[in-house]
J.: 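Okay, handing you the structure first.
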Amino acid sequence: MEETKYGTIKIHLNELIKERQISKSRLSHRAEMQRTQINHYCNNDIARMDIAVLARLCTALDCTIGELLEFVPADKIEEAPGKE
């Protein structure tokens, strides 16, 4: 898979939401984002990250960018079953 040749970025939004005990609806309000957009970030289902969105999430969750994002090197990416 070409995208994983250089590694990937993992978004830890679901974990932070649980840790902070905040609902997605409340986060949506605080970060001034649509809930569908939050769901995409929660599911790591985005093609391009918007730094303004990342700043909103960090502010709303009172976290650092390092808590929200993690770089996973290519050799640490686990292949999903059935994919090569």
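Starting from 1, each residue takes its place in the sequence as its number.
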J.: Taking Thr8 for the side chain and Val72 for the main chain, is one N or O donor matched with an acceptor at less than 3.5 Å?
T.: no
J.: How long is the gap from OG on Ser28 to CD on Gln34, to the nearest 0.5 Å?
T.: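 That separation rounds to 8.0 Å.
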J.: Test your reading of the model: is there a side-chain donor-acceptor pair from Arg20 to the backbone of Asp62, 3.5 Å cut-off?
T.: yes
J.: May I ask you to decide if Thr64's main-chain N or O and Glu67's side chain share a donor-acceptor pair within less than 3.5 Å?
T.: yes
J.: Hey, what do you get for NZ (Lys10) to CD1 (Ile77), rounding to the nearest 0.5 Å?
T.: 11.0 Å
J.: Which value, rounded to the nearest 0.5 Å, describes the distance between Leu69 atom CG and Met49 atom CE?
T.: 5.0 Å
J.: With rounding to the nearest 0.5 Å, note down the distance linking CG in Leu16 to CD1 in Ile11.
T.: 11.0 Å
J.: Minimum heavy-atom separation for Phe71 to Gly7, with atom names?
T.: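 What the structure gives for the nearest pair is CE1-CA, 4.1 Å.
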J.: To the nearest 0.5 angstrom, please state how far the CD1 atom of Ile9 sits from the CG atom of Asn44.
T.: 10.0 Å
J.: Is the closest side-chain heavy-atom distance between Leu13 and Asn43 below 4.5 Å?
T.: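 The answer is no, as the side chains (C-beta and beyond) never meet within the 4.5 Å cut-off.
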J.: Is the backbone of Leu61 close enough, under 3.5 Å, to the side chain of Arg30 for a donor and an acceptor to pair up by distance?
T.: no
J.: Would His12 and Glu70 count as having a side-chain donor-acceptor pair, cut-off 3.5 Å?
T.: yes
J.: Keeping Asn14 on the side-chain end and Cys42 on the backbone end, is there a donor-acceptor pair under 3.5 Å?
T.: yes
J.: Report the distance from atom CE of Met33 to atom OH of Tyr41, rounding to the nearest 0.5 Å.
T.: 6.0 Å
